[in-house]
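Structure first, then comments.
Values reported hereafter were calculated over all heavy atoms of this structure, with side chains retained and with hydrogens, waters and symmetry mates removed.
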Amino acid sequence: MLSRSALRAAQPLKRNLLSRAYATEPAKSGSSNTLLYGLGAAGVAGAGYYFFSSSSKGAVAAAKAKDAVSGPPKKAFTGGDQGFISLLLKDVENINHNTKKFIFALPEDDQVSGMAVASALLTKYQYEGQKPVVRPYTPTSDEDTKGLIELVVKKYPNGPMSTHIHDMKPGQRLDFKGPLPKYAWTPNKHEHIALIAGGTGITPMYQLCRAIFKNPEDKTKVTLIFGNVTEEDILLKHEFEQLENTYPQRFRAFYVLDKAPKEWVGNKGFITKELLKTVLPEPKSENIKVFVCGPPGLYKAISGNKVSPTDQGELSGILQELGYSKDQVYKF
């Protein structure tokens with residue numbers, strides 16, 4: 001199965017849409033792809049790939065050896081009828097003008113969250129005499145991290161939960177419940193996945209990427225299309241740049257800005273049909289999946305909205321126009 005992608009320059013965020021060939025595909029006679037990606041992999045990412053792949057294998061082996069002796073780590077969230085758990089806010093980090101990272105302590109230092117890939121947590125708070133406010137969030141911390149979880153939360157003007165969390169101070173508590181199962185991922189479940197995200201809809205996409213690229217047995221190719229208002233709004237940018245530099249043959253990222261600066265050489269405006277037609281794996285490909293997550297306007301334009309958490313609804317929008325089937329698309 002061949003994927004459609006784009007020939008990009010050396011900088012991860014400065015890509016020109018010129019080609020659809022991955023570096024793992026056979027080189028065509030006279031093609032410049034071989035030179036570009038050969039130099040990129042060897043000169044830019046070769047050492048990084050060796051380091052990260054070797055580290056991943058070592059970490060996996062060490063974790064298996066430890067589990068064999070002491071058993072798997074305890075899970076803070078077990079789902080079912082467990083109910084809500086109150087977590088202490090340990091620290092807050094500013095990311096940009098309207099987004100912060102919140103670090104919550106798990107009940108025990110040696111616990112992991114218990115999150116599966118892909119899944120989310122339900123947050124809840126309630127002021128006296130008012131109805132409870134609940135909102136799902138996908139942690140950005142690794143599922144194997146012990147003692148804490150991290151949430152990246154963007155404050156929305158009319159968002160009661162995001163406003164409440166942004167007003168929290170270290171030492172205060174928030175109720176959590178989960179995990180809420182989403183799309184069950186297993187290594188190599190699909191040959192190629194595409195992630196179409198807007199704003200904080202990037203967090204479940206990052207959860208998928210992290211699981212794929214930390215597992216040396218998972219060879220899935222990933223294409224990310226990420227829309228934002230300004231360059232400052234691109235969340236987890238550093239983490240995605242690291243993936244691009246470490247796995248240039250398997251991970252591609254395309255950024256779209258509504259209010260782009262003059263020097264911006266990426267895509268401008270909104271995520272368009274023309275862009276998706278160029279960079280997504282073809283709908284006739286046998287084993288692909290397209291994931292969508294973002295604000296209501298993005299769903300409406302790209303895939304159509306979900307009916308409920310358990311009903312994906314019909315496929316519409318750009319993906320339907322491009323020939324993708326309902327089974328090839330998952331809406332977070």
Side-chain angles (χ1 to χ4, degrees), residues 49-91 93 101-124 134 136-152 170-190 193 203-220 222 236 239 242-243 246-247 250 289 291 309-310 330 332:
Y49 179 83
Y50 176 80
F51 173 79
F52 282 105
S53 60
S54 298
S55 299
S56 296
K57 292 178 180 178
V60 170
K64 288 182 178 179
K66 185 174 182 180
D67 287 349
V69 175
S70 60
K74 294 181 292 184
K75 298 179 180 180
F77 298 100
T78 58
D81 57 0
Q82 181 185 36
F84 282 89
I85 299 175
S86 176
L87 298 186
L88 179 72
L89 178 61
K90 291 180 61 177
D91 197 10
E93 300 177 10
K101 178 190 290 186
F102 298 85
I103 303 172
F104 290 89
L106 295 176
E108 300 178 29
D109 290 340
D110 61 346
Q111 285 182 320
V112 295
S113 65
M115 301 294 291
V117 179
S119 65
L121 289 174
L122 196 65
T123 59
K124 182 185 76 170
V134 295
Y137 286 97
T138 303
T140 55
S141 47
D142 192 279
E143 291 72 35
D144 295 330
T145 299
K146 292 185 176 181
L148 61 85
I149 59 168
E150 297 176 353
L151 297 185
V152 172
Q172 295 182 315
R173 289 181 171 272
L174 185 66
D175 290 340
F176 291 83
K177 182 179 181 179
L180 306 177
K182 298 293 184 177
Y183 189 83
W185 182 260
T186 54
N188 304 301
K189 186 169 186 175
H190 302 289
I193 64 173
T203 54
M205 310 304 197
Y206 179 60
Q207 187 185 55
L208 271 173
C209 287
R210 192 178 58 240
I212 289 170
F213 289 104
K214 80 173 186 179
N215 184 350
E217 303 302 320
D218 199 331
K219 306 302 181 183
T220 308
V222 181
L236 302 167
E239 287 81 355
Q242 283 188 319
L243 289 180
T246 309
Y247 305 97
R250 291 175 50 209
K289 198 78 173 184
F291 296 88
T310 58
Y330 183 85
F332 277 108

Stepwise side chain to side chain contact (heavy atoms under 4.5 Å, CB included) check, D175 with S86: CA-CA 4 Å; D175 290 340; S86 176; 3.5 Å; yes

Between [atom1] on residue [X] and [atom2] on residue [Y], distance to nearest 0.5 Å:
X: D91; Y: E150; atom1: CG; atom2: CD; result: 9.5 Å
X: L208; Y: T203; atom1: CG; atom2: OG1; result: 10.5 Å
X: F102; Y: L87; atom1: CZ; atom2: CG; result: 14.0 Å
X: Q111; Y: K146; atom1: CD; atom2: NZ; result: 10.5 Å
X: K182; Y: F332; atom1: NZ; atom2: CZ; result: 8.5 Å
X: K90; Y: I149; atom1: NZ; atom2: CD1; result: 11.5 Å

Nearest heavy-atom neighbours spanning [X] and [Y]:
X: L122; Y: P136; value: CD1-N, 3.9 Å
X: A120; Y: T138; value: CB-OG1, 3.9 Å
X: F176; Y: T123; value: CE2-CG2, 3.4 Å
X: P179; Y: S119; value: CB-OG, 3.7 Å
X: G171; Y: L88; value: O-CD1, 3.2 Å
X: P107; Y: A76; value: CD-CB, 4.1 Å

Sequence-distant partners of F77, ring-ring contact (aromatic ring centres under 6.0 Å, His included), two or more places apart: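 ring-ring contact (aromatic ring centres under 6.0 Å, His included) list for F77, sorted by chain: empty.
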
Non-neighbouring partners of Y137 that pass ring-ring contact (aromatic ring centres under 6.0 Å, His included), sequence neighbours left out: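 None.
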
Within 45° cone and under 6.0 Å: K289 NZ/CZ vs Y183 ring: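 Pair K289/Y183 does not count as cation-pi.
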
Could I get the full list of side-chain hydrogen bond (donor to acceptor under 3.5 Å, both in side chains) partners for [X], not counting sequence neighbours?
X: D218; answer: W185, T220
X: K74; answer: E108
X: Y330; answer: none
X: S141; answer: none

Do [X] and [Y] have side chains that approach each other closer than 4.5 Å (heavy atoms only, starting at C-beta)?
X: L151; Y: P139; answer: yes
X: V222; Y: F213; answer: yes
X: K219; Y: N188; answer: yes

Donor-acceptor pair, side chain of T246 and main chain of Q242, under 3.5 angstrom: yes

Q82 side chain to K177 backbone, donor-acceptor under 3.5 Å: no

Atom CG of D110 with >12 non-hydrogen neighbours under 6.0 angstrom: yes

K189, NZ: over 12 other non-hydrogen atoms inside 6.0 angstrom: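 Yes, enclosed.
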
For R210, the option from N215, L243, D142 that meets side chain to side chain contact (heavy atoms under 4.5 Å, CB included):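 It is D142, the one option of N215, L243, D142 that forms the side chain to side chain contact (heavy atoms under 4.5 Å, CB included) with R210.
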
Verdict with reasoning, I212 to R250, per side chain to side chain contact (heavy atoms under 4.5 Å, CB included): CA-CA 11 Å; I212 289 170; R250 291 175 50 209; 3.6 Å; yes

